[in-house]
Every structure is written in structure tokens, then in C-alpha cells.
There are 2 protein chains.
Amino acid sequence: MNPGMDMSPTPDSPAAAPSPPFRLSPLAQAFVLHFGEMGSRWGINRTVGQIYAMLFLADAPRHAEDIADALTLSRGSVSMGLKELASWNLVQLRHVPGDRRDYYETPRDVWSIFRTLVEERKKREIDPTLTTLRTLLMEPATDASDRFAQERIAAMHEQIELLTDWYAEMRRLDSERLLQLLRLGERVVKALEFKDRMLGRGKAVTTEADHGRT
Amino acid sequence: MNPGMDMSPTPDSPAAAPSPPFRLSPLAQAFVLHFGEMGSRWGINRTVGQIYAMLFLADAPRHAEDIADALTLSRGSVSMGLKELASWNLVQLRHVPGDRRDYYETPRDVWSIFRTLVEERKKREIDPTLTTLRTLLMEPATDASDRFAQERIAAMHEQIELLTDWYAEMRRLDSERLLQLLRLGERVVKALEFKDRMLGRGKAVTTEADHGRT
DNA sequence: CATTAGTTTCAATAATTATTGAAATTTTAG
DNA sequence: CTAAAATTTCAATAATTATTGAAACTAATG
């Protein structure tokens with residue numbers, strides 16, 4: 001019922017090891033290591049990446065000590081890593097009857113993970129910039145160079161907002177419809193091209209972003 | 001014709017300061033500082049973020065010393081920062097007749113910047129993972145737990161590939177069509193919902209990702 | 001072809017960020 | 001309420017990453 005349970009180390013029974021050190025298979029090991037390395041590029045630290053990767057592959061929830069064991073991390077690191085993952089909703093707490101330790105697992109739907117990641121990055125990487133840009137646009141422009149700067153800032157703001165609005169729209173789709181839309185990709189483009197031809201608009205049409213000197 | 005040119009410092013004329021230290025307006029300063037701070041979240045360093053921000057707002061190409069001046073960075077940092085931006089195609093080299101220094105400016109089209117950024121992140125953050133996942137999927141699964149792990153890896157691989165394929169499709173659109181598509185966002189979703197209703201598929205339809213225990 | 005203005009490199013150092021592990025805290029069970 | 005087990009915190013330290021600036025290099029000029 002509770003295979004991972006480690007009973008208190010009884011010194012008289014040599015067979016009952018204090019903690020059967022949790023080992024990862026070479027496959028899992030490679031996966032975990034990759035996520036650790038990529039972590040830094042994804043803006044999460046190695047520890048967090050590794051913990052996530054291990055839980056993602058696990059066929060059952062794991063408790064903190066298993067994780068620390070398998071990844072040879074300190075208990076403290078694991079605790080902080082799990083806390084961070086939890087704050088991102090990338091791990092969920094589970095409990096095993098008769099065991100008071102916290103067990104963790106990752107959401108099973110890969111799409112939900114992806115959504116969470118995008119959402120989080122938006123919050124951290126885009127929203128603050130949108131706020132700043134808006135503030136700067138309210139500022140009175142004193143000279144010509146500032147007026148030029150504000151034009152550039154306005155253009156940037158507009159593009160980002162367009163994207164985030166679109167993202168907000170897409171976020172409302174459930175996983176299946178999102179899939180449909182992605183699979184449709186090519187045909188959406190074709191439809192747009194067709195519409196353009198029907199309206200007699202040629203390739204010569206350019207965006208307003210082309211203004212300015214050559 | 002060439003306002004930014006600083007002539008060689010003639011020691012006999014005291015009015016000709018060796019380098020009129022380039023100063024940013026408070027507006028530009030705030031913008032530059034923000035990009036510096038965000039830099040770390042975007043996976044670029046502060047220096048690079050600041051240099052880019054300054055050039056983005058500039059109404060004319062700037063040379064390295066102007067940049068070092070305005071941002072109080074060392075010449076070495078600016079050189080390295082410009083090199084990195086150039087490798088990302090986020091700055092372009094310009095030359096002023098009669099001046100042998102290199103001048104830099106950013107692409108004017110905000111969309112092109114966005115594309116470059118996405119492209120770069122894909123290369124650095126997604127492609128290596130796709131490669132790793134494929135490698136791990138080729139590995140023979142020895143036990144049940146590895147077989148389970150490979151299923152999870154396969155699911156992840158499939159989702160990522162779907163996204164990158166879609167991205168490749170979208171990338172082929174020119175700026176105008178991309179704008180159209182974004183503005184269409186809501187209506188694309190509506191069309192999908194309509195199609196579903198016509199086909200008699202209700203809300204009860206779930207994705208295959210819902211398998212597994214509650 | 002020597003001089004000079006400009007650029008790049010890179011080893012040293014500074015700044016930042018991650019990780020540990022002992023101590024404090026919380027939680028559960030008796 | 002107390003003891004035992006588990007978790008979390010946080011100051012110290014390790015590891016990593018960014019930045020500087022002097023020296024090497026490059027290219028244009030007279």
C-alpha cells in the first residue's frame with residue numbers, strides 16, 4: 001500500500017535500511033539533467049528544473065526526501081524548489097493515507113503546464129514593461145528628440161498590447177480547441193491570402209511600421 | 001548634415017571639449033533603466049538591454065563611445081554588448097561619411113524585433129530540448145517505469161513540436177498579415193466554436209490528455 | 001609605412017545568484 | 001500537552017555571471 005515508506009531505523013534489523021536511497025533510471029537521469037541545464041535559460045534555477053523534471057516523469061507522487069535523494073540535493077533546496085513550483089501551480093500536493101509526509105506530483109495535462117509557463121512569463125517579462133511604457137507615454141515630451149522617443153515607445157506598446165490581447169483570447173480556449181487551432185495553422189494563413197486576393201490587395205501593401213527614412 | 005560628429009580635439013581651442021559627454025533625457029534614461037532591469041528576466045544581461053534600449057530610442061545612429069558615455073559603461077562592455085546584439089541581428093552597422101567610427105542603429109520595424117527575439121529564444125530554449133527528447137525516445141525502455149516515462153516524454157515532445165510547427169507557419173506571414181491574424185483573434189475562436197456546434201460536438205468533449213486518475 | 005583613432009580581447013575582479021545545513025518552526029499523534 | 005517527525009527559514013558560503021580596463025589588434029590616413 002505504501003511502498004516508499006521508510007520506517008524508523010531499527011538498528012537490530014540489518015535488512016531494514018534507514019532510507020532505501022531513491023535512484024533514477026539512466027533515462028530519467030538524462031531527462032532530469034537536461035532540465036537542470038535548460039533551467040537557467042528558462043529563467044528558473046537548476047534545482048527547480050530538476051525537481052520538476054523528476055516529478056514529471058514519476059509514475060506516482062514523491063515526497064521531498066525521495067527527491068533530495070534522487071537528485072542529491074539538500075532538504076532545504078528541495079523545500080524551496082517545491083515552494084517555488086507550487087507558487088507557479090506546477091506541482092500539486094498529495095497525501096498517502098497513514099503517512100504524514102507531503103507528496104508531490106505534476107499536473108498531468110501537458111497543455112496546462114505550457115499555459116502556466118506562458119502565463120508566468122507574461123507576468124514577469126511583459127506586464128512590468130507594459131506598465132513602464134504606459135507611464136513613459138504619459139510623460140510630457142519636452143523636446144523633439146523626446147517626441148521621437150515617445151513615438152517609438154508608442155509603437156512598441158501597441159505591438160505588445162496586440163499580442164497580449166490575442167493571448168488573452170487564446171487562453172480562453174480549452175485544450176482541444178487550442179489543438180484544433182494549431183493544426184489549422186496553415187489553413188488560416190491560406191484563408192487570409194485568399195481573402196486578400198479577393199479584395200484585390202497585392203503584395204505591394206506595406207504596414208504603417210514602414211514609415212520613416214530608408 | 002553630420003551633427004553628432006566630434007572633431008579631433010585640438011588642444012589650442014579650449015571650447016572644443018575632447019568629448020561632449022552624451023547625456024540622455026530623463027525619459028530616455030527611465031526607458032533605458034527599465035530595459036536594463038528587465039534584461040535579466042529576458043535572458044540578456046543588463047548592459048545589452050541598456051544598449052539596445054538606447055539605440056531603439058535614438059533618432060540617429062550612435063557610435064560606441066556615445067553609448068559608453070550615456071550609459072556610463074566601459075568601452076569594453078559596450079563592444080561586447082554590441083557584438084552580442086549584432087549576432088542577434090538586433091543592431092545594424094551604419095557609417096557616416098568622413099567619420100571612420102562604427103555607428104549602430106536598431107531595426108525600425110518593431111515586428112522584426114519581435115520575430116528576432118522569438119526566433120532566438122526558440123533556438124536557445126526549445127530546439128535543444130526537442131533534440132534531447134528525441135534522443136531519449138529512441139532509447140530502449142527496460143522496465144515499466146521507463147516505459148511510463150517515455151510516454152510522458154512523447155506527450156511533451158508532441159506538444160512542443162505542434163507549437164514549433166505552428167510558429168514556423170506563422171513566421172512566413174509578413175507583418176501586415178500577422179497583424180490581421182492577431183486582430184482576428186476573437187473571430188477565429190468564434191468560427192471554431194461555430195464549426196463545433198454544426199458538427200454536433202458539445203462541451204462534453206474532452207482531450208485525450210484527461211486520461212489517468214482524478 | 002609609421003602614426004593614430006578606433007575596436008576587440010581577456011584576465012582580474014566585482015556583483016549576483018544558488019545552495020547548503022543547522023536551527024527554528026510547524027504539524028501530527030498519543 | 002508533549003514528543004517525534006517533517007518542513008521551512010535564513011545566514012553563510014559556493015558557484016556563476018557580468019564588468020572593467022589595460023593591452024593587443026586593426027584599419028585608415030598622410
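No hydrogens, no waters, no symmetry mates; every other heavy atom, side chains included, goes into these values. Letters A, B, ... are given to chains in the order of the sequence lines, protein chains preceding strands, and every chain is numbered from 1.
Computed from coordinates, the Arg101(B) CZ to dA27(D) P distance equals 18 Å when rounded to whole Å. Rounding to whole angstrom units, CD1 of residue Ile44(A) and C1' of dT17(C) are separated by 15 Å. One interatomic measurement links the two molecules: CG of Leu85(B) to P of dT8(C), which rounds to 13 Å at whole-angstrom precision. Rounded to whole angstrom, the span from the NE2 atom of His95(B) across to the C1' atom of dT7(C) amounts to 11 Å. To the nearest angstrom, C1' of dG6(C) lies 13 Å from CG of Leu93(B). In this structure, the CE atom of Met80(A) is 11 Å from the P atom of dT8(D), given to the nearest Å. One atom, CG of Leu82(A), and another, P of dT9(D), lie 12 Å apart when rounded to the nearest Å. For Ile67(A) and dA6(D), the CD1 to P distance is 15 Å, given to the nearest whole Å.
Listed pair Thr47(B) / dT19(D) meets the phosphate criterion, a side-chain N or O lying under 4.0 Å from OP1 or OP2. The side chain of Ser74(B) places no N or O atom within less than 4.0 Å of a non-bridging phosphate oxygen (OP1 or OP2) of dG21(D). Contact check, Ser77(A) against dT20(C): a side-chain N or O comes under 4.0 Å of OP1 or OP2. Asn45(A) has no side-chain polar atom (N or O) that falls below the 4.0 Å cut-off from OP1 or OP2 of dT17(C). In this structure, Lys83(A) reaches the dT9(D) phosphate: one of its side-chain N or O atoms is under 4.0 Å from OP1 or OP2. Arg46(B) has a side-chain polar atom (N or O) that falls below the 4.0 Å cut-off from OP1 or OP2 of dT19(D). Between Arg75(B) and dT20(D) there is no side-chain N or O to OP1 or OP2 distance below 4.0 Å. Within the 4.0 Å cut-off from OP1 or OP2 of dA6(D), not a single side-chain nitrogen or oxygen of Arg100(A) is found.
Between His34(B) and Pro128(A), the shortest heavy-atom distance links the atoms CE1-O, 3.6 Å. The two residues Ile153(A) and Phe56(B) come nearest to each other via the heavy atoms N-CE2, 4.4 Å.
Between atom CD of residue Gln50(A) and atom CD1 of residue Ile44(A) there is a gap of 10.0 Å, rounded to the nearest 0.5 Å.
Between Asp174(B) and Arg171(B) there is no salt bridge, since no side-chain N of the basic residue sits under 4.0 Å from a carboxylate O of the acidic one.
For the 3.5 Å distance criterion, the side chains of His95(A) and Asp102(A) qualify, holding a donor opposite an acceptor.
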